[in-house]
Structures are given as structure tokens and as C-alpha cells.
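Below you'll find the structure, written out as C-alpha cells, and then a few comments.
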Amino acid sequence: MAAARRLKRVAASQPGFLNLKSSSDHEDLLNSRRKRVNKNKKKNWNKHSDINDVEGFLEDVRHQERTTGGLLSEKPDDSLFFLDIGQPQKAKQKDEEPVEGKKRKGKASRPLRIDLILQHDSLVPPPKDVLSYQQPNAKKLRRIAQKAEQLAAKGIMPRRQKQLLNRRPVNRTAKKAVTEANNNPDREYYDIWGQESRETADPWYLQQTGKKLVKRPVKLNEKPSVLPAVEVIAPGGSYNPDFFSHQALLQEAHEVEVKKQKAEDKIEKQLAVNKEDTATEETIFQEQVEGLVEEENEEEEAAPIEEEEGVAVGAIALAEKKTERQRKKERAEKIKEQQRQANRQSTNQRQQLFQLRSIKASIKQQEQTTKTKQKKRKAKEEAQKAQPRRLGRLKFQAQDLEVQLSDELAGSLRQLKPEGSILKDRFKSMQKRNLIEPRERAKFKRRHKLKYVEKRAFREIT
């Protein structure tokens, strides 16, 4: 074999030799020995495998599907061949002269080149979009539909369908409300700034679509306090008040000051030191000698106490066990006592029959007392509404009364001296009406002490 191969190579190298095979075969012949390839490894399959025939077959199948819409071998003969009977005889049309302004029908009906390029020339149908046919929660919906069919077979109606049947019937014959003209004086008045809003739609529809407004709690409409925003001062606070009204206002201010003074005196009294509790030389000496002088008396008192304890222990030890006769006697006495109590209770019940009038009177009196207590409680609650509540850590402190003494009164507004501050009055009013909590001014505390330094210019002058 090797000798024959060598002869072929020598003959092919001669100048007058004619090749009967392709140039690729000639090159392979001139090449050295054939390569040995291990084809049981995957990386060598595509590299050293000839798949041109497979690719050609697949390309031919794709070409047939693209041009004819399928394989030619699977198509019937009628779609591939036709019977040629020659050209059909056309009626001789008279040559009409072209009229100006009109175009020929052939040119007008012929599509443009750009439209032909953009047309879809493949007969292969587009791939089916699987995602467009998928339905979310398909299994769950299928299971719900099956359950609904089973319930319908049993005669059970779903809750949603019951609600639809129980809906109020819509009056189809009623005419739609025609919007009235704005210049009609007899039209219905509607306040656009009012609290209540119109709901013309079906309430069931609004509830299902989530457009129904939540009902506002009644408590949000209540004011935090019944006090007015601006309190009118008493008549005695006028610039030219009546004598009695001014004296009444002074009396009120006096009572406030007396109350403050009493509170201060009470605190001072509580903090005051009692003179009897102060230490003297005699009390100090008694404390030092405590426990040294009274030792003998304590020893004498301890002896009789020990004797009493011994007697008590002996008495406990001498207690004997009860006999059966004593136990029977105690049991009989206990039963007699129970019977006695039952008889007493029955007699009391019989006696109450003759006391119905007094019992009714006592019940009526109790009802009267409860009514009075309820009235007092309601009055207290109403009075509490006018009082400031505890909203923070600080209590509300009422503002001092703005009052002038009798010698400070002025005869006219020009000579009147201003009292208090409008800003402070409004701030206290908001606290009193429970709109804000009572506050105090923040305390400023320095982190570092102030350091005073004399400047050079000041030092030169002094």
C-alpha cells in the first residue's frame, strides 16, 4: 500500500499529468500522512466531521417551506401541475385613443416597487406566541369553575350571584336628569363647600369599585372644648366701668391672689422645721448612753417571759385526741345549726311579704338617689368640657386677670394704659381650648463659661 501511494505521488508530480479529481483531492494527496483523530471526544465532532450533506438537506427543506409553504413530496399533484390548453382567446378590443387627464388602469393597479420589497415573501406561518395564550392562575380559575359547576348541580348559588340578584332594580323607564341652565333662578341650591357630598351612583357599585367614601367618625366633628375662641372680659374690665362691676372684678382678682398665697403658705409650712425635733445636748447624751443603763432591767423581764413560754408549750403537749363520741356530738350540733339558719331564712322571707310597702318605698328612694347622682355626674362632665385637659407633662396655668385699680382708671381712651399682650392672650386661649399642650420657655444652658479678655486697644487707654 505504501509503495502504490508513493507511485501515485510521483505520477502526480509529473508536468504532463492531468487531474481527474478536484483540486482539494490533489492537495490532500500531496499532503503528508492522514491525520489520526480521536472521534470519541465531543470537541472533535464538529471539527473533523463532514455535515455538509445534512446542512444541504435542511437548507433545501427550509427553501421548500419558504417558497411553497411545505414539502413538495407531501403536496398533491393538482397543486404542482396544471393542464396547458393554450392562451385564452381574448375579445379584440378597439384601440381607443388616450384621453388627456386619464391614466391607464394597468399602471394604476400595479403596486409600487417599495411596497413589493416590504411585503412578506415567505409562506412559513409566524411562530405561535405561547405567552399570549397563557392565563395567570389558570389552575386556580379552573378549580373555581369546577367547584361552581358542582355547586350549581346541587342547587347552591354563589354569594356574589345572590348579591347581584338582591340588588335594587334599576328604573329603566326613568328619564335622565337634564342639566339645568346656570341662569335658572328656580334651580336647586348646592353648596360646593359643604361637608356632605352628593352620591348619585349606585351604592353597591361604589362599594365594589372601592370609590365609596369612608364614613367620617362623629367624634372628629366635635370640638375639643366648648369655650369660645375669644372670651369677652367682664364689664368691670372696661376703660370706664361701673363702680359695682369694677368692684366685682377686683374681688375676683383678690380671691385668685389669696388662693395663690394659701398654696405658698402651705408649701412653706410643709418645708418648715419643727423646733421640738431639733437636737439638744440632753438628747445627744441620751442617745450616747442608750443601751448601757437598762441591761439589768431587761434581764429581769426576760425570766418571766421564758416561764410563760414553758407553760404554753406544756399545754400544747397535753392536748389529747378527740373520741368518736365527741366527733358525733359536734357533727349533730353542726347539722342543728344549719337547720336553724335555714328556718331563720324562711321566716325572714315570709316576713318580707308583709313589708312590700316599705320595700317599694326603699326601691323608689334608691332610684331617686341614682337619678340625682346621674344628674350630678352629667353636670360634672359638662363642666369638665369647659376645663382644660392634661395634654402634656405640664399643667395649664391660667393667665393673670388684667385689672386696674381704682386710682389707675382713666377717664378716656387716650389716657388708658395698655395691659397684657395680645399674642400671649391668644397663646393661652389655644392652651385653654385644648388645641395645643401647655408649654414653657426652653432653658438656655451654656456649655462653657464666658471668658472676659481685655483687648489691646482698651488696655492702652486705661
Side-chain angles (χ1 to χ4, degrees), residues 42 45-46 51 54-55 57-80 111 114-182 184 187-224 391:
K42 195 172 183 179
W45 290 356
N46 294 335
I51 56 171
V54 178
E55 288 182 352
F57 171 73
L58 293 176
E59 183 63 32
D60 185 30
V61 169
R62 285 193 290 269
H63 179 66
Q64 290 180 28
E65 290 177 350
R66 195 165 55 249
T67 53
T68 62
L71 297 176
L72 294 174
S73 58
E74 297 176 356
K75 290 189 174 294
D77 295 341
D78 297 339
S79 62
L80 297 175
I114 188 169
D115 295 333
L116 293 173
I117 293 169
L118 294 174
Q119 281 181 357
H120 189 66
D121 57 349
S122 177
L123 296 177
V124 179
K128 185 178 178 180
D129 189 6
V130 181
L131 295 176
S132 63
Y133 290 92
Q134 286 182 350
Q135 189 177 6
N137 299 327
K139 288 184 179 179
K140 183 180 177 182
L141 295 173
R142 199 183 306 118
R143 193 163 56 248
I144 291 169
Q146 290 174 1
K147 190 174 180 181
E149 289 177 0
Q150 292 174 1
L151 293 174
K154 294 178 182 178
I156 301 171
M157 194 179 295
R159 185 171 62 86
R160 189 174 289 274
Q161 195 170 355
K162 284 181 183 178
Q163 289 178 350
L164 288 171
L165 292 174
N166 293 332
R167 279 182 63 193
R168 62 180 185 182
V170 182
N171 191 6
R172 301 288 181 184
T173 58
K175 295 181 180 179
K176 292 184 178 179
V178 181
T179 55
E180 298 178 354
N182 291 333
N184 184 11
R187 70 181 185 277
E188 187 182 356
Y189 176 73
Y190 175 63
D191 186 11
I192 60 174
W193 304 109
Q195 296 291 335
E196 297 180 358
S197 59
R198 281 186 173 181
E199 289 186 0
T200 55
D202 187 8
W204 187 86
Y205 168 75
L206 294 172
Q207 184 181 2
Q208 295 298 320
T209 52
K211 295 180 180 178
K212 190 173 182 180
L213 298 176
V214 180
K215 189 177 179 181
R216 183 180 175 87
V218 182
K219 195 171 183 180
L220 292 179
N221 297 329
E222 294 179 0
K223 291 185 178 181
L391 300 178

Exercise for review: Under the salt bridge (Lys or Arg N to Asp or Glu O under 4.0 Å) rule, collect the residues that match up with E55, sequence neighbours excluded.
Suggested key: none
Donor-acceptor contacts under 3.5 Å from residues 70-79 side chains, at least two apart:
from	atom 1	to	atom 2	distance (Å)
K75	NZ	T68	O	3.2
S79	OG	P76	O	2.8

Point to revise | Listed partners of E59 passing side-chain hydrogen bond (donor to acceptor under 3.5 Å, both in side chains), at least two apart | key: R62
Could you list the donor-acceptor pairs under 3.5 angstrom formed by side chains in residues 155-162, with sequence neighbours left out?
none

Review point. In this structure, are over 12 heavy atoms from other groups packed under 6.0 Å from H120 atom NE2?
Key: yes
Check residues 121-144 and write down every donor-acceptor pair under 3.5 Å in which the side-chain atom is one partner and the other belongs to a residue at least two apart or another chain.
from	atom 1	to	atom 2	distance (Å)
S122	OG	V124	N	3.3
D129	OD1	L131	N	3.4
S132	OG	D129	O	2.7

Review point. Between CD of Q146 and CD of E149, what distance do you get to the nearest 0.5 Å?
Key: 7.0 Å
Review point. CD of E222 to CG of L220: how many Å apart, nearest 0.5 Å?
Key: 9.0 Å
Revision key, fill the gap. Across all chains, not counting sequence neighbours, the side chain to side chain contact (heavy atoms under 4.5 Å, CB included) partners of L116 are P111, Q119
Practice item. Output all residues satisfying side chain to side chain contact (heavy atoms under 4.5 Å, CB included) with W204, sequence neighbours left out; order by chain, then residue number. Key: Q163, L164, R167, D202, Q208
Check your understanding: Does I114 CD1 have over 12 foreign heavy atoms under 6.0 Å away?
Key -> no
